[in-house]
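Shown next, in structure tokens, is the structure this report addresses.
This one's a predicted model, so the numbers in the text were calculated from it and none came from an experiment. Here is the naming used below: chain letters follow the sequence lines, and residue numbers restart at 1 for every chain. As a basis for the values below, the full set of heavy atoms in this structure was taken, side chains included, without hydrogen atoms, waters or symmetry mates.
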Amino acid sequence: MTTTTTNSKRLIVIVGATGSGKTDLSIRLARHYHAPILSTDSRQLYKGMPIGTAQPTEEQLREAEHHFIACLDVEQEFNCGQFEQQALELLKRLFADHDTVVAVGGSGLYIRALCEGMDDLPTGDPEIRRSLSEKLQREGLAALCEELKQRDPRYYEQVDRSNPARVLRALEVCRQTGRPYSEQRTGERRSRDFRIIKIGTEMERATLYERINRRVDQMIDEGLEQETRALYPKKELNALQTVGYKELFGYLDGAWSREEAIELIKRNTRRYAKRQLTWFRRDPEIFWAAPDKTDKIIAYIDSCL
RNA sequence: GGUGCCAUAGCUCAGAUGGUAGAGCAAAGGACUGAAAAUCCUUGUGUCCGCGGUUCGAUUCCUCGUGGCACCA
């Protein structure tokens, strides 16, 4: 055989909206290919949030080897850069005794980090971030934009100047590195020493929304409120800026009734799903298929050489 | 059975002494490289219940239907 080892390994990447059947599909594929599962979900990473983030159940966890599920304390900061680095390290180990690994999750940025890599940019320094937040509070977004115009006129031209998060991050990098943000953003795609096959779980919008609504009711039945109460003291943490918890924190604070909170969770989950689809739709590498068409999906995967 | 009121966007409703209509919510489209389940931008989607009549012109006024609500029997 002349097969080179560089592309004998493959990563099957399952993407799609929340509630569209990714988890079940991932387990079927994992069993079919005797592959471990790597989660690409920015919230299922955390402990103490199994219901609200729809983590795989105990039973599902037994059906396949899972990684990056419930492995961080909610206090731990995490980001797409760390995810890229840790996921690649893990893959190296997994590929040592597996030809196939299944990645599954809905965090578009994390998936991009894994498949295409991130530029070599620093994680935000908390001090600088705090000082920028204060400036935003005191002087407004226009002041931040003004500073960006000075420090990085090129990025100033292209950035969404009504989005505080974007402007703030760019300034953070400028201040931290003393160099313009745009100069450090190459947008270059990193090469990977494994093949990547992307599968999207396709589902009619109306069906997806029904499933989402039903799943939220299920979460409530399973005890999402108790889960949220346990996390309430930590509600300011980034890990808990998450659909499901945010709305129930509001209920616990008296901002709205329990019923209203549940409706808000449904609406915000629908909106989240919509944003995910906007992200994934523009990726031409994704092979879209109904998640229950396992045979069709396997046939597609096997046809990818 | 009688009388009155109502019928406009997916929902709740506003509106024009007659010139084919607009708010909120829901929704749709998009952006997005270390907070990404985050953050942000854009967008009104309509046999104005139906058939006639008056009128240059009716979603608006009139008749008759149909459906809903209220009251009286």
Side-chain angles (χ1 to χ4, degrees), chain A residues 15-20 22 39-46 49 51-55 74 76-87 105-126 128-130 132-133 136 141 144-145 155 158-173 176-177 181-190 205-206 208-209 212-213 215-216 219 224 236-249 260 263-283:
Chain A
V15 307
T18 187
S20 63
K22 296 190 297 295
S39 168
T40 57
D41 189 294
S42 71
R43 292 297 187 271
Q44 291 186 2
L45 279 164
Y46 288 100
M49 314 169 60
I51 300 172
T53 63
Q55 278 172 9
V74 286
Q76 283 178 268
E77 300 270 323
F78 202 70
N79 61 49
C80 57
Q82 288 163 277
F83 177 77
E84 177 188 356
Q85 191 197 336
Q86 293 186 22
S107 303
L109 185 59
Y110 280 37
I111 293 160
R112 179 189 290 169
L114 176 59
C115 297
E116 301 174 24
M118 306 295 293
D119 282 322
D120 195 15
L121 294 166
T123 296
D125 177 270
I128 292 176
R129 183 166 289 188
R130 199 167 46 74
L132 283 167
S133 298
L136 176 64
L141 183 55
L144 290 190
C145 288
Y155 192 66
Q158 68 184 79
V159 72
D160 176 358
R161 292 195 288 270
S162 53
N163 190 334
R166 290 284 120 70
V167 176
L168 204 140
R169 154 101 277 235
L171 276 178
E172 175 178 278
V173 174
Q176 237 167 288
T177 62
Y181 179 55
S182 59
E183 203 177 274
Q184 304 172 67
R185 259 164 49 105
T186 68
E188 271 169 27
R189 186 173 182 150
R190 304 298 170 94
R205 190 68 65 94
L208 177 65
Y209 283 6
I212 285 172
N213 293 342
R215 192 176 72 170
V216 170
M219 287 177 175
L224 182 58
E236 305 303 330
L237 293 172
N238 180 251
L240 294 167
Q241 306 315 305
T242 300
V243 176
Y245 304 97
K246 279 186 303 184
E247 297 80 0
L248 285 173
F249 290 149
E260 285 169 328
E263 284 313 304
L264 284 172
I265 295 172
K266 291 176 182 175
R267 184 197 68 182
N268 291 340
T269 305
R270 276 181 249 132
R271 290 181 175 176
Y272 168 51
K274 184 172 175 298
R275 272 179 271 131
Q276 289 177 300
L277 291 174
T278 298
W279 181 288
F280 294 131
R281 257 193 303 240
R282 71 173 175 183
D283 184 346

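Contact annotation for A:Y155: no contact, since no heavy-atom pair falls under 4.0 Å across all strands. Base engagement by A:T123 is indicated by at least one non-hydrogen atom pair under 4.0 Å involving a base atom. Among the atoms of the strands shown, none is found under 4.0 Å from any heavy atom of A:Y46. The residue A:K246 sits close only to the backbone: its heavy atoms come under 4.0 Å of sugar-phosphate atoms, none of a base. Using a 4.0 Å heavy-atom distance criterion, A:R166 is classed as a base contact. Nucleic acid contact class of A:T269 (heavy atoms, under 4.0 Å, all strands): none. Among the atoms of the strands shown, only primed sugar atoms or phosphate atoms (P, OP1, OP2) are found under 4.0 Å from some heavy atom of A:R271. Contacts of A:G117 with the nucleic acid, taken as non-hydrogen atoms under 4.0 Å apart, are absent. Residue contacts shown for A:D41 include a base, since a base heavy atom lies under 4.0 Å away. As judged by a 4.0 angstrom heavy-atom cut-off over every strand, A:Y245 is placed among residues making no nucleic acid contact.
Applying the salt bridge (charged side-chain N to carboxylate O under 4.0 Å, His left out) test to residues at least two apart or on different chains, the pairs with a partner in residues 160-172 of chain A are A:R129-A:E172, A:R169-A:E172.
Both distances falling under 3.5 Å, in either a Watson-Crick or a G-U wobble arrangement, occur for no nucleotide opposite B:U54. Base pairing of B:G67 is made with B:C6, judged by Watson-Crick or G-U wobble geometry with both donor-acceptor distances under 3.5 Å. Nucleotide B:G1 forms a pair with B:C72, judged by Watson-Crick or G-U wobble geometry with both contacts under 3.5 Å.
Note: CZ (A:R281) to C1' (B:A31) measures 13 Å, nearest angstrom. One interatomic measurement links the two molecules: CG of A:L136 to P of B:A35, which rounds to 15 Å at whole-angstrom precision. For A:K274 and B:U43, the NZ to C1' distance is 10 Å, given to the nearest whole Å. Atom-to-atom, CD of A:Q241 to C1' of B:G34 comes out at 17 Å; the value is rounded to the nearest Å. Here the C1' atom of nucleotide B:A35 and the CD atom of A:Q82 are 12 Å apart, to the nearest Å. With rounding to whole Å, A:E172 atom CD is found 15 Å from B:U33 atom P.
Residue A:N163 places no side-chain N or O under 4.0 Å from the OP1 or OP2 atom of B:A38. Listed pair A:R275 / B:C32 fails the phosphate criterion, with no side-chain N or O lying under 4.0 Å from OP1 or OP2. Side-chain N/O atoms of A:R267 include one lying less than 4.0 angstrom from OP1 or OP2 on B:A26. Dashed line: the shortest gap from a side-chain N or O of A:R270 to OP1 or OP2 of B:C25 is not under 4.0 Å.
With sequence neighbours excluded, no residue satisfies ring-ring contact (aromatic ring centres under 6.0 Å, His included) with A:Y272.
Between B:G46 and B:A14, the two C1' atoms lie 15 Å apart (nearest whole Å).
Of all nucleotides listed (B:C41, B:U39, B:A35), B:C41 comes nearest to the side chain of A:D160.
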| query | For A:T18 and A:V243, what are the C-alpha separation, side-chain angles and deciding distance, and is it a side-chain contact (heavy atoms from CB on, under 4.5 Å)? | reply | CA-CA 11 Å; A:T18 187; A:V243 176; over 6 Å; no
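Counting non-hydrogen atoms of neighbouring residues, nucleotides and ligands closer than 6.0 angstrom, the CD atom of A:E183 exceeds 12 such neighbours.
Contact check of residues 107-114 of chain A against RNA chain B (heavy atom, cut-off under 4.0 Å) returns A:S107, A:L109, A:Y110, A:R112.
Judged by distance alone, with hydrogens and angles left aside, A:R43 brings no side-chain donor or acceptor close enough to the base of B:A36 to form a pair under 3.5 Å.
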